[in-house]
Amino acid sequence: MNREVRVRFAPSPTGALHIGGVRTALYNYLFAKKNNGKFLLRIEDTDQNRFVPGAEEYIKDALEWIGVVPDESPWSEGQYGPYRQSERKPMYMQYALDLVEKGHAYYAFDTAEELEAMRERLTAARVVSPQYNSITRAQMKNSLTLPDDEVKERLASGDPYVIRIKIPRKEEVRLNDMIRGWVMVHSSTLDDKVLMKSDGMPTYHLANIVDDHLMHITHVIRGEEWLPSAPLHVLLYKYFGWEDTMPQFAHLPLLMKPDGNGKLSKRDAEKHGFPIFPLDWTDPTSGEKAQGFKESGYLPDAFLNFLAFLGWNPGDHREIFSVDELIEAFSIDRIGKSGTKFDINKAKWFNEQYLRSKLDAELAEYLLTDLSKEGISISQDKAESIVTLMKERATFPSDLWKEGKFMIIAPDTFDEGVAAKRWNNEAVTVLSTYRDKLLSLDDDLNPENAKTLLEAAAEENGIKLGKVMQAVRLAVTGIGAGPDLMQVFTILGKKELSKRIDFALDKLKVTV
RNA sequence: GGUCCGUUCGUCUAGGGGUUAGGACGUAUCCCUUUCACGGAUGAAACACGGGUUCGAUUCCCGUACGGACUACCA
């Protein structure tokens, strides 16, 4: 059997795509590309009550942002469409009926109240897990207990019903997970899950098996939260007679909270002030806003690299991987088994690495964009010069503007701590002399002559330059830290520089 | 509660019957730098516990503890 590898990412459009979902999508994508297969996206919208407007577009946009674009999806259908389960609705009933005919499923007419009463009864009787199963179904209203006539009558009269799978009483169900190895579950612990809901929609369990089969899915790579229901899925493949083409399963470890215990959630993001969604998201009902990785300044390739390493590693010590390199290196057997705590510091580190590898011209675009929002415009050359000086110390592109502001706007205040410690008469003397020298300089300023002049200004007054350097920096930039001063002076130019010195001399005089 | 899954430095992890248990993030110290950052160097820091199996177990097996997921006419 030599089937083309086909994998799917199957989110439900119930809100913003969570980072764990993005990782699942990424692993599916990497696996597909590694094996020259296809990566498809299927929207699992069988629950009409949970539909959230905009969620589907969000999924699409998020995947596009990191370049994990499906080969087949609702927006670029392949030959096994539709790719939205709501649009596949007419296809499912026949499969459910097939199971009823084969005796592996049955009609159930119990109302919500009756189900609740059953659970209460069992709980009162101290039954460990109250569920609709091979024992309890005998007491319920279904096509196994009701006379045939009544069943026919109820169906004919439009009585609401569901179709449930008939889980065998005693059977060992086993599956060979690609990550976890053999997992065995006894059917007596499984319940008769609903396959078709009373609204005529299939449940996830039925829909995903039918669709995966029809779409020729070869591998199901999904989160660990699905592991408990995987045996049910195996049973369904068996009852449909699709065992020989049953996909291989790989259940991914979960993404956990950075502190404490539990699955990573939106609350953690709020608590720690880091994003959990790839893109900005505003909840359409509550109006709640959540910031995305993109809008927080994470570069898509850095984000993707970071994500890939949440639960997977190449087995050597390399960490910086392009998408192509990830595809080349990826394999499911190098995915870990245990839950992964989310560490935003690592994400920042990846972002810094990618930021520094970017061309100055590209980074200058970010700076220019930020500046235009402030109503400031500077030349491309100047922007690139600033980027050159700032990119080694930036985590996000927005830091270019935030941290490099002093090269664009003259300071109007001065760091008080630095002033108190470093500002003195010697600094004033050197700075005045330097200002005069700048004014009589014919050439444009460059790092060399800026330095020569400053050294001369210090020497003429018998002052060691090192003693006043911090004061000089303070006078020109307003702060006590930053990139090489002579480079900064060059970007400023002699006119601006002398203007700033004058301003500082005037403003700081009183504090001496 | 039940079922299933898991457990190597604070975090992500490599490793695998005999290793000085390796790397990365973070952290500490030092160097570079008349600043800060970058960079470089160095350090602290881990096999959950108890039984087996074995000449030898962090590695294999079984328990225990702890953690997690699931336990809907949600996915």
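Labels below follow one simple rule: chain letters A, B, ... track the order of the sequence lines, proteins then strands, and each chain is numbered from 1.
Taking only side-chain atoms of E225(A), from C-beta outward, the nucleotide of rC70(B), rU34(B), rG6(B) with the closest atom is rC70(B). Taking only side-chain atoms of K197(A), from C-beta outward, the nucleotide of rC73(B), rU13(B), rG22(B) with the closest atom is rC73(B). Of the candidate nucleotides rA24(B), rG6(B), rA69(B), rA24(B) has the atom nearest to the side chain of W349(A). For L254(A), taking side-chain heavy atoms from C-beta onward, the closest of the listed nucleotides rU13(B), rC73(B), rG68(B) is rG68(B). Considering only the side chain of S12(A), rA75(B) comes nearest among rA75(B), rC5(B), rU35(B). Set against rC38(B), rC5(B), rC12(B), the side chain of E392(A) has rC38(B) as its closest nucleotide. Among the nucleotides rA75(B), rC4(B), rU35(B), the one closest to any side-chain atom of W226(A) is rA75(B). Nearest nucleotide to the side chain of P228(A), out of rA24(B), rC73(B), rA69(B): rA69(B). Taking the side chain of V183(A) as heavy atoms from C-beta on, and the options rU8(B), rC5(B), rG22(B), the nearest nucleotide is rC5(B). Of the candidates rU35(B), rU3(B), rG15(B), the closest approach to any side-chain atom of R334(A) belongs to rG15(B).
Straight-line distance from the CZ atom of F274(A) to the C1' atom of rU11(B): 12 Å, rounded to whole Å. Rounded to a whole Å, the NZ atom of K464(A) is 13 Å from the P atom of rU35(B). Spacing between atom NZ of K451(A) and atom P of rU33(B) amounts to 11 Å, rounded to whole angstrom units. If you take CD of Q487(A) and C1' of rC38(B), they are 14 Å apart, rounded to a whole angstrom. Remark: P of rA24(B) and CZ of F350(A) are 13 Å apart, rounded to the nearest angstrom. The nearest whole Å value for the distance from the NE2 atom in H272(A) to the P atom in rU11(B) is 14 Å. For I479(A) and rA37(B), the CD1 to C1' distance is 12 Å, given to the nearest whole Å. To the nearest angstrom, C1' of rU34(B) lies 13 Å from CZ of F489(A).
Between Y95(A) and Y239(A), the gap from one ring centroid to the other reaches at least 6.0 Å.
Here rA48(B) sits opposite rU64(B) as a Watson-Crick or G-U wobble pair (both hydrogen-bonding atom distances under 3.5 Å). rG10(B) is paired with rC25(B) under the criterion used here, namely a Watson-Crick or G-U wobble arrangement in which both key atom distances are under 3.5 Å. With a cut-off of 3.5 Å on both Watson-Crick or G-U wobble distances, the partner of rU54(B) is given as none. The partner of rU71(B) is rG1(B), by the rule that a Watson-Crick or G-U pair needs both atom distances under 3.5 Å. rU20(B): no Watson-Crick or G-U partner with both key distances under 3.5 Å is found in any strand.
Note on R164(A): a side-chain N or O is less than 4.0 Å away from OP1 or OP2 of rC73(B). The phosphate of rC5(B) (OP1 or OP2) has no side-chain N or O of S338(A) nearer than 4.0 angstrom. Contact annotation: K341(A) side-chain N/O to rG67(B) OP1/OP2 distance is not under 4.0 Å.
A gap of 15 Å separates the P atoms of rA21(B) and rA48(B), to the nearest Å. Taking atom P on both nucleotides, rG67(B) is separated from rG26(B) by 30 Å, rounded to a whole Å. Spacing of C1' atoms, rU20(B) relative to rG15(B), comes out at 15 Å, to the nearest Å.
Between T14(A) and M256(A), the residue anchored closer to the 5' end of RNA chain B is M256(A), taking for each the nucleotide with the nearest heavy atom. Positionally, the nearest nucleotide of RNA chain B for N313(A) lies more toward the 5' end than for the other of F109(A) and N313(A).
Other residues, nucleotides and ligands contribute at most 12 non-hydrogen atoms within 6.0 Å of the NZ atom of K451(A). The number of heavy-atom neighbours closer than 6.0 Å to NZ of K467(A), taken from other residues, nucleotides and ligands shown, is 12 or below. Counting heavy-atom neighbours within 6.0 Å of R334(A) CZ, excluding the residue itself, gives a total above 12.
Using cut-offs of 30° and 60° on the angle between ring planes, the pair F303(A) and F293(A) is tilted. Between H18(A) and F277(A), the ring-plane angle classifies as perpendicular under the 30° and 60° cut-offs. Aromatic ring orientation, F350(A) versus Y354(A): tilted (interplanar angle from 30° to 60°).
R356(A) comes within 4.0 angstrom of the backbone, heavy atoms only, and of no base.
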